[in-house]
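The next block holds one structure in the form of structure tokens; read it before the comments.
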Amino acid sequence: MKTLTITRPDDCHLHVRNGAMLKTVLPHTARQFARAIIMPNLKPPVTTVAQALAYREEILQAIPDGVNFTPLMTLYLTASTTIDEIKRAAECEHIHAFKLYPAGATTNSDAGVADVTKIYPLLAALEKYDLPLLIHGEVTDEDCDIFDRERVFIERYLLAIVTNFPALRIVLEHVTTKEAVEFVESASDKIAATITPQHLLFNRNAMLAGGIKPHYYCLPILKRETHRLALVKAATSGNPKFFLGTDSAPHLTHLKENSCGCAGCYSAFAALELYTEAFEQANALDKLEGFASFYGADFYGLSRNSGTMTLEKCDWMIPASYDETIPLKSGETLRWKMV
């Protein structure tokens, strides 16, 4: 196959930051994706409808002229979130979900929830107003091995949430383990998951073998090969519970390359090319369109996009950097390129 044409896709998990970095990274997403679910973990976090609408306007101003792209906004769920704010979010056409970060789980998550059981009244309100809950599914206990944090979160919290709120739509974001895949597969159709390109393409050796490579460091962290293979099988299965969410997370180089580098892989510059490479390796290019273009829209109750995009098989080298951000697979060759 020399070319591949699919319905224009959506990115169901994206970080675009704000300010100068927003203007650098947003065009990379907008050229490929029709829409994106925008994460709210700015400093300060986006916790109200008013803040989300202001952030949306900033994003709209950064879209290149002539490019059709729609940001789908989310709010950061905290212990201080009110039921009235959830109701306002449900009534706003631009708000599509709330995001749950366990406190300290990842970048800019200090305002996250320390005890999930304490926010059950808020989860009941989300269920009532049919607003999806997007979960960074990791515990943050110091005595829990970092490679086990996703599994333990499912066992300790997520099973109870699903039992107590059976009508609540939940996306377990950026799943990384065989256990997470099995949980989503066995749950009701209210439960879905996003999968990133880095977790489809790499295991933890990419980050740790031959020296520590900080630009492969993300949270949840890359896992063993057995887990990567489980993710590939899920993504390429045609199961509509699994769909595309890059979790593309740009950071300035000096914040990644230091004694305590921050978490996040920047993949938006070539997200579709990276996913296409992963699906080709699995001999499943025929399953890419559903994963990238249909299942996320269906879960969020959005109409499917009408336009198309085409990729061609064409070797090209990934730039060493985009301004002050080092991309995933910097300086390496990709086999597919968007036309």
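A salt bridge links K329 with E277; the closest basic N to acidic carboxylate O contact falls under 4.0 Å. A salt bridge does not link E273 to K337: none of the charged side-chain nitrogens sits closer than 4.0 Å to a carboxylate oxygen. Using a 4.0 Å cut-off between charged side-chain N and carboxylate O, R88 and E91 make no salt bridge. Note on R149 versus D141: no salt bridge recorded, every NZ/NE/NH1/NH2 to OD/OE distance being 4.0 Å or above.
Side-chain rings of H15 and H13 approach one another, their centers coming within less than 6.0 Å. A ring-centre distance under 6.0 Å is not found for H174 and H199. Between Y295 and F242, the ring centre distance reaches or exceeds 6.0 Å. Centroid-to-centroid, the aromatic rings of F279 and F291 come within less than 6.0 Å.
Residues F33 and L244 meet the side-chain proximity criterion, which asks for heavy atoms closer than 4.5 Å. Side-chain contact between T5 and M309 is absent, with no heavy atoms from C-beta onward closer than 4.5 Å. In this structure, the side chains of I135 and L133 come closer than 4.5 Å at one or more pairs of heavy atoms. Within the 4.5 Å cutoff, no side-chain heavy atoms of K178 are placed close to those of K223. Counting heavy atoms from C-beta on, the side chains of H215 and S330 never come closer than 4.5 Å. Between R31 and M338 the shortest side-chain heavy-atom distance falls below 4.5 Å.
When each of L272, L285, D315 is tested with W336 by the rule side-chain contact (heavy atoms from CB on, under 4.5 Å), just one qualifies, namely L285.
A cation-pi geometry, defined here as NZ or CZ lying under 6.0 Å from the six-membered ring centre and within 45° of its normal, does not hold between R228 and F202.
Other residues, nucleotides and ligands contribute more than 12 heavy atoms inside 6.0 Å of the NZ atom of K241. Annotation: E185, atom CD; neighbour count of heavy atoms from other residues, nucleotides and ligands within 6.0 Å is above 12.
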Side-chain donor-acceptor pairs of residues 157-171 under 3.5 Å, sequence neighbours excluded:
unit_1: T163; atom_1: OG1; unit_2: L159; atom_2: O; d: 2.9
unit_1: N164; atom_1: ND2; unit_2: A160; atom_2: O; d: 2.8
unit_1: R169; atom_1: NE; unit_2: D130; atom_2: OD1; d: 3.1
unit_1: R169; atom_1: NH1; unit_2: F299; atom_2: O; d: 2.8
unit_1: R169; atom_1: NH2; unit_2: D130; atom_2: O; d: 2.9
unit_1: R169; atom_1: NH2; unit_2: D130; atom_2: OD2; d: 3.4

